[in-house]
There are 2 protein chains.
Amino acid sequence: MDTLETRELRYFVAVAEEQHFGRAAERLGMAQPPLSRAIQQLERRLGVCLLQRNRRGVRLTGAGEVLLHEGRAALDAAAAAARRTRRAGGADSPGGPRGRLVLAVKAAASHELLRKLLDAYAAEPGSAEIEVLLCGVGEQEELLRDGRADVALMHTPWNSLAGFDSEALATEGQVAVLPAGHPLAARETLSLADVRDVPDLPLARWPTHGTYAPGPGPEIHNQTQLAQLIALGRTVAVVPDSARSWLWAEHTAVPLTDAPPVVTHIAWPAHSRSLALAGLVRAAARL
Amino acid sequence: MDTLETRELRYFVAVAEEQHFGRAAERLGMAQPPLSRAIQQLERRLGVCLLQRNRRGVRLTGAGEVLLHEGRAALDAAAAAARRTRRAGGADSPGGPRGRLVLAVKAAASHELLRKLLDAYAAEPGSAEIEVLLCGVGEQEELLRDGRADVALMHTPWNSLAGFDSEALATEGQVAVLPAGHPLAARETLSLADVRDVPDLPLARWPTHGTYAPGPGPEIHNQTQLAQLIALGRTVAVVPDSARSWLWAEHTAVPLTDAPPVVTHIAWPAHSRSLALAGLVRAAARL
DNA sequence: GCCCTGTGATACCTGCCGGGTATCACCGCG
DNA sequence: CGCGGTGATACCCGGCAGGTATCACAGGGC
């Protein structure tokens, strides 16, 4: 039973994502006919119909959906193998110079915790160099999977820990951030229902995987935008306690009674075997 | 940044495992020179030295160790993609005919639980066909990773749940299985220390990944052997409560007070999105 | 009805590279 | 000092990945 080449997976994923041979070929930097042929060969070798060719583009079959998911995972794994091997390059003597670690953190989250973690780890004897990779919301999982990062700080319930090993580091509640002058800002506590149904303050919407869910609130993509919009009295946000550190004078934070608690985890690929990583996790567990 | 082809990974893993170009080439069904060249190209492309060539075979460098691990994972992912896609082949209409599920179970473990699970799931409306794949101890993880199975029953602490999603189904204690006539068989309970240090009954040794750890006990590879050796008064075994179902008249089971509890989990690849799998997990959770 | 546009499929050619055979360079060993 | 066994090198060849040109077909204007 012959095994799939990553080239074939790359091609298929491109076609499946673009839903269009021509655009996929362009993205891959090649002509369309060889792409067509490669996909046909792939279908023949798998003995499965992956795409439904219509006039006007293509659509995935059930098997195609499966291969899209599994193929992405396999491509990530191959990319991770290359990246991690390259980074391990210098350290030839086994057990000798421990490599650097790349730690993925959502930008502007967990200041405090991150600082404590880095300090605690740096104090350990023989600790490796830690490179902090700041990323967007939810990007940590992809970074870990494709090897751009070795370890990440993740925040449930926003991040999914599926497929990773992890250790919980801290739990915090959530607060509603309101314009200082707003009537609700005077309250001692609020419920989620309170902030969800304020007609003059629709909840801001973050992009998930590059697209925005439909809704009335403004579309934002960074914390500065959010802060400004709140200060202008245009929106309200629900954020973890620790976000209080970046609030403005024009903001008021009110604790939410029924918001799910936010748990910060340190997470890493389940099969990881790095000494440096083990040390970092140990340091984290002692916090 | 060019991506590794699975062909290259296959070659490297073979060489790394055999620690010998000639044998690796034979295993791959090719001649040695192209293999040599392929590995050199790989090293050049990664900019990393993977192998230390000695007279008398080769040894892995640190980077080579990394690539061996990561490469195996990537190869498993690619194999899984192919297998799962092939199996999804018939079901073309999305959401339509749900595919079969392959459930990996350690042979002869969890009779009772397995029976209940299969019955409960079969009673669900629209349940898929379940193929039970009996495997050796610890083999479930590999089967899930490379796509030969979709879901497995695993038993901690023997199986590692790292990298999988799982749900605990049942917990049980462990018992020592002794020859019926043995002095210890008269005891009400035993401790691990009791059975570990019986000079005339050395603990039997199971192979892990095909090799046996050194020790005084007999080397066994299936339960029948074990049962026979215990009946002959040559060894003692520590097994979960539920294993009592296959004991012989010549055996006596004595509860262990300090053995770690055995938890049976249902586990599946973290990124899985199959409807049928979701149904099975739901049925399992209701047990 | 017509052609025009844009889709994926086909035909055919070419150059590269993966793989084979023969051989070399090295080294430990009897 | 040959001999066996290691991986590396030299060289050749065939297949296949990729390119160009073109086709078949379906809509959509006019």
Side-chain angles (χ1 to χ4, degrees), chain A residues 1-61 63-64 67-68 71 75 78 82 92, chain B residues 2-61 63-65 67-68 71 75 78 82 92:
Chain A
M1 197 69 49
D2 45 8
T3 142
L4 299 182
E5 287 303 316
T6 67
R7 183 178 54 84
E8 307 178 272
L9 289 175
R10 244 188 355 261
Y11 290 0
F12 176 75
V13 168
V15 173
E17 285 179 352
E18 299 285 346
Q19 308 243 334
H20 191 290
F21 276 81
R23 283 194 299 273
E26 190 182 4
R27 192 172 110 185
L28 293 165
M30 64 188 293
Q32 170 259 321
L35 219 204
S36 251
R37 207 181 41 183
I39 302 291
Q40 288 175 57
Q41 282 178 1
L42 181 61
E43 287 180 307
R44 274 211 327 272
R45 282 187 30 206
L46 289 173
V48 160
C49 175
L50 297 170
L51 299 169
Q52 244 181 315
R53 278 86 160 167
N54 306 342
R55 63 261 99 199
R56 217 125 235 105
V58 295
R59 250 194 5 247
L60 288 177
T61 65
L67 186 58
L68 178 56
L75 287 177
D92 271 355
Chain B
D2 45 7
T3 142
L4 300 182
E5 289 303 316
T6 66
R7 184 179 52 83
E8 307 179 272
L9 289 175
R10 242 185 359 258
Y11 289 2
F12 176 74
V13 168
V15 173
E17 285 179 352
E18 299 286 347
Q19 307 240 334
H20 191 289
F21 276 80
R23 284 194 299 273
E26 190 181 5
R27 193 173 107 184
L28 292 165
M30 65 187 292
Q32 169 258 322
L35 220 204
S36 252
R37 205 181 43 182
I39 300 292
Q40 287 176 58
Q41 281 178 2
L42 181 62
E43 286 181 307
R44 274 212 324 272
R45 282 186 31 206
L46 288 173
V48 159
C49 176
L50 298 170
L51 299 169
Q52 244 181 314
R53 278 85 160 168
N54 307 342
R55 64 259 103 188
R56 215 126 232 107
V58 295
R59 247 193 9 244
L60 288 176
T61 65
E65 296 275 3
L67 186 58
L68 178 56
L75 288 176
D92 272 355

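Remember, it's a predicted structure, so these values are computed and weren't measured experimentally.
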**Q.** Stepwise side-chain contact (heavy atoms from CB on, under 4.5 Å) check, B:L4 with B:L46
**A.** CA-CA 9 Å; B:L4 300 182; B:L46 288 173; 4.1 Å; yes
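- Comment: B:E5 engages A:R10 in a salt bridge, judged by a side-chain N to carboxylate O separation of less than 4.0 angstrom.
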Atom pairs under 3.5 Å: protein N/O with N/O of nucleotides 20-26 of chain C:
| residue | atom | partner | partner atom | Å |
| --- | --- | --- | --- | --- |
| C:dG20 | OP2 | B:A31 | N | 2.8 |

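- Of the possible polar contacts, none joining the B:R7 side chain to the A:T3 backbone as a donor-acceptor pair under 3.5 Å is found.
- Nearest heavy atoms, B:L60 versus B:A16: CD2-CB, 3.7 Å.
- What separates CZ of B:R53 from C1' of D:dT9 is a distance of 13 Å, to the nearest Å.
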(Q) A:L68 vs A:V13, test: side-chain contact (heavy atoms from CB on, under 4.5 Å). Steps then yes/no. (A) CA-CA 6 Å; A:L68 178 56; A:V13 168; 4.1 Å; yes
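- In this structure a side-chain-to-backbone donor-acceptor pair under 3.5 Å is present from A:E43 to A:L51.
- Between A:S36 and C:dG8, a side-chain N or O to OP1/OP2 separation shorter than 4.0 Å is absent.
- What separates CG of B:L35 from P of D:dT9 is a distance of 14 Å, to the nearest Å.
- What separates CD1 of A:I39 from P of C:dT7 is a distance of 17 Å, to the nearest Å.
- A:L28 has its CG atom 10 Å from the P atom of D:dG18, to the nearest Å.
- In this structure, A:E26 places its CD atom 17 Å from P of D:dG18, rounding to the nearest Å.
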Q.
As a quick check of understanding, evaluate side-chain contact (heavy atoms from CB on, under 4.5 Å) for B:I39 and B:R53, giving each step before the final call.
A. CA-CA 12 Å; B:I39 300 292; B:R53 278 85 160 168; 4.0 Å; yes
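- Between the CD atom in A:E17 and the CZ atom in A:F12 there is a gap of 10.0 Å [rounded to 0.5 Å].
- Atom CZ in B:F21 sits roughly 11 Å away from atom P in D:dT9 (whole-Å rounding).
- For DNA chain D, the residues of residues 4-20 of chain A within the heavy-atom distance limit of 4.0 Å (strictly under) are A:R7, A:Y11, sorted by number.
- Side-chain N/O atoms of B:Q40 include none lying less than 4.0 angstrom from OP1 or OP2 on D:dG7.
- Rounded to an integer number of Å, the gap from CG of B:L42 to P of C:dC17 is 16 Å.
- Contacts of A:Q52 with the nucleic acid, taken as non-hydrogen atoms under 4.0 Å apart, are absent.
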Q) Between B:L50 and B:V15, does a side-chain contact (heavy atoms from CB on, under 4.5 Å) hold up when you go through it step by step? A) CA-CA 11 Å; B:L50 298 170; B:V15 173; over 6 Å; no
